[in-house]
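Read through the structure below, which is laid out as structure tokens, and then see the notes.
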Number of protein chains: 2
Amino acid sequence: MNTRDLEYFIALTEIKNFSKVAYKFKVSQPTITFALQRLERELDSKLILRSRGHNLAITDSGEQLLLHARAIIKHGQLASSEIKHLKDAKLRLGLPPTIEDRYFAVVSTKLKQHGLLNKIEAVELGSAATLTALKNGELDLALLGSINPLAESNITSEEFDRRPFAIYVSKQHRLANGNGVYFKDLKHEDFILFKSGFIHNQVISSMAKRSHFRPNVVFKSSGIHSIINMIRENVGIGFFSTLMSDSNSDVVKVKLLDRDVPQFVTSIVYRESHQFNQLQTEILNQIRAALI
Amino acid sequence: MNTRDLEYFIALTEIKNFSKVAYKFKVSQPTITFALQRLERELDSKLILRSRGHNLAITDSGEQLLLHARAIIKHGQLASSEIKHLKDAKLRLGLPPTIEDRYFAVVSTKLKQHGLLNKIEAVELGSAATLTALKNGELDLALLGSINPLAESNITSEEFDRRPFAIYVSKQHRLANGNGVYFKDLKHEDFILFKSGFIHNQVISSMAKRSHFRPNVVFKSSGIHSIINMIRENVGIGFFSTLMSDSNSDVVKVKLLDRDVPQFVTSIVYRESHQFNQLQTEILNQIRAALI
DNA sequence: AAATATGATAAAATATTTTTATAATCAAGT
DNA sequence: ACTTGATTATAAAAATATTTTATCATATTT
């Protein structure tokens, strides 16, 4: 079997037209015919029902092959991308900003001690984008936040922390000296939130839905520091699980008293299929030592 | 990329000798050389460090490719095997005996009503062997028992029941009229168990270890009915989660009073990559309807 | 230093894939 | 019913890719 034929086949199931697939791959039309015939001969089964004039129909066997064909192509691309980056002698680490802010200081200290810090190439994206990049082989490793423990196929995750979400306010704020608040009582507060793509938004909107109000959002940023600064200036309140600056007295954490407050689960995450080289293994172990 | 080259490569990492790999595949030795050169050119990276006289060494890139190569070959084989069996117009169902005994009656009634029972080809193996067969594409679907919810990669599972393990005794047995027993008090009992390969054995040996004794096993069988018959005759006691015959008064269930008694989790299980055809989908839905 | 084992290379032989040119099929419009 | 246009299939030739045969190069062992 030949990955080129599989790529033609996949395109055929999507485009459903031999000539257009041929055009897409810059080959002649019979090339596609022959590629499909090869696959059908090899698997001894019709994969696509041709019809001139109509759209093509994919058989059960075709659907079955399609699933594996996609996986095979993906593995080929991953192999290629991972091997290319192995030569960089760097570990590409996905690091969403909230995680970076809260956990990376301790990691970086550890790595610096062992002369490994400059072997890291940090990639700062939201959690969802980070996970996608990891799956595509654009990252070797990531520290990820999620609401539930990650259970993605082909992905291994090692949880290292888990904390309930909470409210953060300025020390001048009326809630600063209380010992907690119910989410429903935040109806008239101004929120300063992350831009979309952060898990925090999913969580806050689900909590708001449960409490039957729409939070009043006065500003959205993707920079955690500008959010904290605005909270400090009492422009509005924030919504995080933990902050490095929990000890910082300018911004005060206020517990949520609701039952079943969602938790922010943080994990070290990598592809099952990723082969860590010696340098990368060392880095991974130092990160584990720092966090777990 | 070409699966033949990947197969040569995988063999090379195992056999570590070009000539012997060539012999294995019944091709000439330069064929292997060229295949490896093709891969190295395509991935632009040395995969194997050759040395004449010594064993070959696999590079980091080679190790990385190896993981994907194995996955690719596996997908190819699965596609082939699954497509071959799609034509059988049967669903190959893995059915470990304990599950068959307890749950299949209700499933078979449902399937018979819809004229689907003869479309099932039941394969009776222990849970571990069933899972392996499923992964290898020898089964389309399985009902499986496990201690924890299944979390295998590339496998989807839908839990349908979960019950604590318990002791089963004859109605003449001294425990038959009590309302439970601690496992440690079974030290002097005779056990009738499954042969190895059944999860029950793992569970009982871990409970026995916790209670600091070795259970006294008088007989092992792989047929659940002969075990039940022996229990009925008071030859010894049994260890199951539930039996169809719970309502049958000859054999009595005795609760285990220990904390954290392991549970037998039963699930409908299939490969993520399996494409169910129309018939198979119907069968799956009826099985779900019967169990979930 | 010779023998042995192992992998690489060149050139030829085979096999596979792709192209060009053309045919066949089907649907829709006239 | 006939024509047209769009689409896929086929045959033969050309282009590529893979494998073999024969031989060479290198390292290890004796």
Side-chain angles (χ1 to χ4, degrees), chain A residues 1-59 61-63 65-66 69 72-73 76 79-80, chain B residues 1-59 61-63 65-66 69 72-73 76 79-80:
Chain A
M1 200 168 345
N2 176 320
T3 50
R4 209 174 330 98
D5 287 354
L6 292 178
E7 285 178 305
Y8 294 159
F9 171 73
I10 293 170
L12 209 41
T13 64
E14 289 162 355
I15 300 176
K16 297 189 200 297
N17 178 309
F18 283 61
S19 312
K20 284 176 188 155
V21 170
Y23 179 79
K24 173 183 161 131
F25 286 98
K26 300 187 177 127
V27 295
S28 69
Q29 170 263 312
T31 296
I32 308 302
T33 298
F34 290 131
L36 187 61
Q37 286 176 353
R38 275 193 291 277
L39 288 174
E40 294 189 325
R41 191 166 355 109
E42 187 167 346
L43 295 167
D44 189 24
S45 177
K46 264 251 166 312
L47 300 172
I48 288 186
L49 302 172
R50 289 76 147 176
S51 60
R52 311 177 206 230
H54 269 172
N55 264 359
L56 304 178
I58 301 159
T59 65
S61 299
E63 293 285 357
L65 176 61
L66 185 55
I72 287 173
I73 297 302
S80 175
Chain B
M1 200 169 342
N2 175 321
T3 51
R4 207 173 332 99
D5 287 353
L6 292 178
E7 285 178 305
Y8 294 159
F9 171 74
I10 292 170
L12 209 40
T13 62
E14 290 161 355
I15 300 178
K16 297 188 198 303
N17 178 311
F18 282 63
S19 312
K20 286 175 188 156
V21 170
Y23 179 79
K24 174 184 160 128
F25 286 97
K26 299 184 177 138
V27 295
S28 69
Q29 170 265 312
T31 297
I32 309 301
T33 298
F34 289 132
L36 187 61
Q37 286 176 353
R38 276 193 292 276
L39 287 174
E40 292 188 329
R41 193 170 348 113
E42 187 167 347
L43 294 168
D44 189 23
S45 176
K46 264 252 166 312
L47 300 172
I48 289 187
L49 303 172
R50 288 77 146 175
S51 60
R52 308 173 209 235
H54 270 170
N55 265 357
L56 304 177
I58 300 159
T59 64
S61 299
E63 293 285 358
L65 176 60
L66 184 56
I72 287 173
I73 298 301
S80 175

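Every chain is numbered from 1 and lettered A, B, ... according to where its sequence line falls, protein lines coming before strand lines. Small disclaimer: the values here were computed from a predicted structure and weren't measured.
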Would one find a side-chain N or O of [X] under 4.0 angstrom from OP1 or OP2 of [N]?
X       : N      : value
A:Ser28 : C:dT18 : no
A:Ser19 : D:dT8  : yes
B:Arg50 : C:dA8  : yes
A:Gln37 : D:dT8  : no

By the 4.0 Å heavy-atom rule, please label B:Gln29 as base, sugar-phosphate, or nothing.
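Base contact - B:Gln29 has a heavy atom under 4.0 Å of at least one base atom.
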
Would you indicate what B:Phe34 reaches in the nucleic acid, counting non-hydrogen atoms under 4.0 angstrom: base, sugar-phosphate, or nothing?
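Base contact.
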
Could you check which of [options] has an atom nearest any side-chain atom of [X]?
X       : options               : result
A:Arg38 : C:dT6, D:dT8, C:dT17  : C:dT17
B:Thr33 : C:dA8, C:dT19, D:dT20 : C:dA8
B:Pro30 : D:dA9, C:dT9, C:dT19  : C:dT9

Rounded to whole Å, how long is the line connecting atom [atom1] of [X] with atom [atom2] of [N]?
X       : N      : atom1 : atom2 : result
B:Ile32 : D:dA17 : CD1   : C1'   : 16 Å
B:Phe25 : D:dT19 : CZ    : P     : 11 Å
A:Phe18 : D:dT10 : CZ    : C1'   : 13 Å
B:Asn17 : C:dT4  : CG    : C1'   : 13 Å
A:Lys46 : D:dT8  : NZ    : P     : 14 Å
B:Lys26 : D:dT20 : NZ    : P     : 13 Å
B:Leu49 : C:dG7  : CG    : C1'   : 14 Å
A:Glu40 : D:dT10 : CD    : C1'   : 15 Å

Can you tell me how far [atom2] of [Y] sits from [atom1] of [X], rounded to the nearest 0.5 angstrom?
X       : Y       : atom1 : atom2 : result
B:Ile58 : B:Leu47 : CD1   : CG    : 10.0 Å
B:Leu6  : B:Ile73 : CG    : CD1   : 5.5 Å
A:Lys24 : A:Asn17 : NZ    : CG    : 12.5 Å

Using a 4.0 Å cut-off on heavy atoms, which residues in residues 2-14 of chain A reach DNA chain D? List them by number, or say none.
none

Not counting sequence neighbours, which residues clear side chain to side chain contact (heavy atoms under 4.5 Å, CB included) with B:Ser80? List them please.
A:Leu43

Check against side-chain contact (heavy atoms from CB on, under 4.5 Å), A:Ile10 and A:Leu66:
CA-CA 6 Å; A:Ile10 293 170; A:Leu66 185 55; 4.0 Å; yes

Using the rule given for side-chain contact (heavy atoms from CB on, under 4.5 Å), can you reason through A:Leu36 versus A:Arg50, listing the C-alpha separation, both sets of side-chain angles and the distance that settles it, and then say yes or no?
CA-CA 11 Å; A:Leu36 187 61; A:Arg50 289 76 147 176; 3.4 Å; yes

Do A:Tyr8 and A:Val27 have side chains that approach each other closer than 4.5 Å (heavy atoms only, starting at C-beta)?
yes

